[in-house]
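No hydrogens, no waters, no symmetry mates; every other heavy atom, side chains included, goes into these values. So you know, we letter chains A, B, ... as the sequences are listed, proteins then strands, and number each from 1.
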Amino acid sequence: MTVNAPRGMPDILPGEIGRWHAVEARVRDFARRFGYREIRTPAVEHTEVFQRAVGSGTDIVDKEMYTFTDRGGRSLSLRAEGTAPVLRAFLEHNLGAGGLPVKLYYICPIFRYDRPQAGRYRQHTQFGAECIGAAEPAADADVLSLAVRLVQSLGLVRFEVHLSSVGDEVCRPGYTAVLREYYRPHLADLCEDCRRRFEVAPLRLLDCKREHDRRIARQAPRMLDHLCDPCRAHLNGVRAHLDAMGVAYTIDPLIVRGLDYYTRTAWEAVSETLGAQNVIFGGGRYDGLAGQLGGRPTPGVGFGMGLERLLLVLEQEGVALGGDPALDVYIATAGADATRALQLADRLRRAGIATDLEVTARGLRAQLKQADRLGARFALLLGEDEIRRGVATIREMATGAQDEAPLDALPDVLAARLRPEAIGKARG
RNA sequence: GUGGCCGUAGCUCAAGGGCAGAGCACCAGACUGUGGCUCUGGGGGUUGCGGGUUCAAGUCCCGUCGGCCACCCCA
């Protein structure tokens, strides 16, 4: 081993790519079913996009971004999060001009300089969906149901959606003050991190994992009890919609999202089988985000879903996904005439038949072994005898049954035998 | 960024100061034009990398890189 991939950025090898294709296909199908259109934004943004959207003071912006200065002296950052770039593009191209709401989705890599562990990578892939321009609770329920129905359709059972409201600019400041007053007498008992949180991010006090601090958190006043009337009505509206669709959730007052742009609705879907990194998708409403990015105030709601974690939990729960693409035909050459084998392969491929051929001229035994390994339905034998007579021997690998067909007729003959299961269809 | 455990063949793992091994995989032969089963043989390693201790280091020590697990944070 001389050089390896950067830390926390694993290769996805051919043996596992079938699982990715299966999940990505299902994601795109559900995005289509729910009326979302794909958007692709650059892998890098002006650093400012994330600073203004996610917020200085958050871990993502303060210590997890891949930030660099380009040759023109601009500060750029690898995409650290999915929603901010989409909103930036929405505003930049005035995508709302054609009428609101605009529903957009993406599948793209996200980069965060974090310490890798199970379910956490420095480059990971997110599927995200954003519904921009609708302030009503129905939009929240619509987006959230996309995520839930998608993972359910993949066979995921053991997960729970935790739902809450983080309030808005009207009620959150008041709640923060109440929370500080509650925590102030406990300050000496808290862990070091929590004493820091008390100053910079009091809401995250509720999220501490230490048992001692959790006990204090459980007794703390809750945002849900301090929502202003519009926020309360919004949450109740979302719940009513979800209930009507039969989308299950539990109200979890302790949910705290690590990004500053969230308002009102916030949710996390937590796996019961994953380790410490157990959030499969998380999201919520961000009515202030467009304004923070310098655009006209526009409400929005969306989520991000970690596809590596989704694959991980599906594997742990024993869900079977797509296998390798099947090979229809392998052309073996006994007597070594690469030109004729290539000509035949070319004709079969143009007829839509997945064809591989022998290019190393080894013994026939080894060639059939290769055909077997590749999972070919048929092996074609092209030897001196066959060439002289203008035919090829067709061997059905599963049974060993052999017959012959004229070279000219092979595309039709093979297509007919392959047709019952569509040509090139995935196996397994 | 902090802590713990671990890095030996393509893969899974032995060897715990004294000649680096096994199973699977790969290649070849038995079967001179026929895969899977069986048998026989073969190729493969700077023991992650660098330094140190020692007559002698996968083995002990230090550093570094990487993996896993947890903290933190998030998807």
Please pick, from B/A75, B/C68, B/C26, the nucleotide with the shortest atom-to-atom distance to any side-chain atom of A/R373. B/C26

Given the side-chain rings of A/F303 and A/F127, with only the six-membered ring counted for Trp, is the space between their centroids under 6.0 Å? yes

Students often get this wrong, so: under 4.0 angstrom with heavy atoms, is A/G82 touching a base, only sugar-phosphate, or nothing? nothing

Any residue in residues 13-48 of chain A with a heavy atom nearer than 4.0 angstrom to RNA chain B? Just list them by number, or reply none. none

In residues 272-282 of chain A, what residues come within less than 4.0 Å of RNA chain B, judged by heavy atoms? A/G275, A/A276, A/Q277, A/V279, A/I280, A/F281, A/G282

Looking at A/Y182 versus A/H186, is the centre-to-centre ring distance below 6.0 Å? yes

Short N/O separations, protein against nucleotides 40-42 of chain B, under 3.5 angstrom:
none

When rounded to the nearest Å, what value does the distance between C1' atoms of B/G18 and B/U54 take? 12 Å

What distance, rounded to whole Å, do you find between the two C1' atoms, one in B/A25 and one in B/C60? 34 Å

Not counting sequence neighbours, which residues clear side-chain contact (heavy atoms from CB on, under 4.5 Å) with A/A139? List them please. A/C131, A/A134, A/R285, A/V301

Which part of the nucleic acid, if any, lies within contact of A/A398, taking any heavy atom under 4.0 Å across all strands shown: a base, the sugar-phosphate backbone alone, or nothing? base

Answer with base, sugar-phosphate or nothing: what part of the nucleic acid does A/A332 contact at a heavy-atom distance below 4.0 Å? nothing

Aromatic contact between A/Y66 and A/Y113, with the criterion being ring centroids under 6.0 Å apart: yes or no? yes

Could you pull out the protein-nucleic contacts involving nucleotides 2-8 of chain B (nitrogen or oxygen on both sides, under 3.5 Å)?
| unit_1 | atom_1 | unit_2 | atom_2 | d |
| --- | --- | --- | --- | --- |
| B/U2 | O4 | A/R115 | NE | 3.4 |
| B/U2 | O4 | A/R115 | NH1 | 2.9 |
| B/G3 | O6 | A/R115 | NH2 | 3.1 |

Between A/E396 and A/Q402 (side chain of the first, backbone of the second, donor and acceptor by atom type, cut-off under 3.5 Å), is there such a pair? no

Take A/R158 and A/S271 through the test side-chain hydrogen bond (donor to acceptor under 3.5 Å, both in side chains) and record every step on the way to the result. CA-CA 6 Å; A/R158 306 193 50 190; A/S271 162; over 6 Å; no

Any N/O pairs under 3.5 Å between the protein and nucleotides 32-34 of chain B? List them or say none.
| unit_1 | atom_1 | unit_2 | atom_2 | d |
| --- | --- | --- | --- | --- |
| B/G33 | O6 | A/D385 | N | 3.3 |
| B/G33 | O6 | A/E386 | OE1 | 3.4 |
| B/G33 | N1 | A/E386 | OE1 | 2.8 |
| B/G33 | N1 | A/E386 | OE2 | 3.1 |
| B/G33 | N2 | A/E386 | OE2 | 2.7 |
| B/U34 | O2 | A/R395 | NE | 3.4 |
| B/U34 | O2 | A/R395 | NH1 | 2.7 |
| B/U34 | O2 | A/Q402 | OE1 | 2.8 |
| B/U34 | N3 | A/Q402 | OE1 | 2.7 |
| B/U34 | N3 | A/Q402 | NE2 | 3.4 |
| B/U34 | O4 | A/Q402 | NE2 | 3.3 |

C1' atom, B/G58 versus B/A15: distance in rounded Å? 8 Å

With heavy atoms under 4.0 Å as the rule, sort A/G128 into base, sugar-phosphate or nothing. nothing

Electrostatic pair A/D372-A/K369, nearest N-O below 4.0 angstrom: no

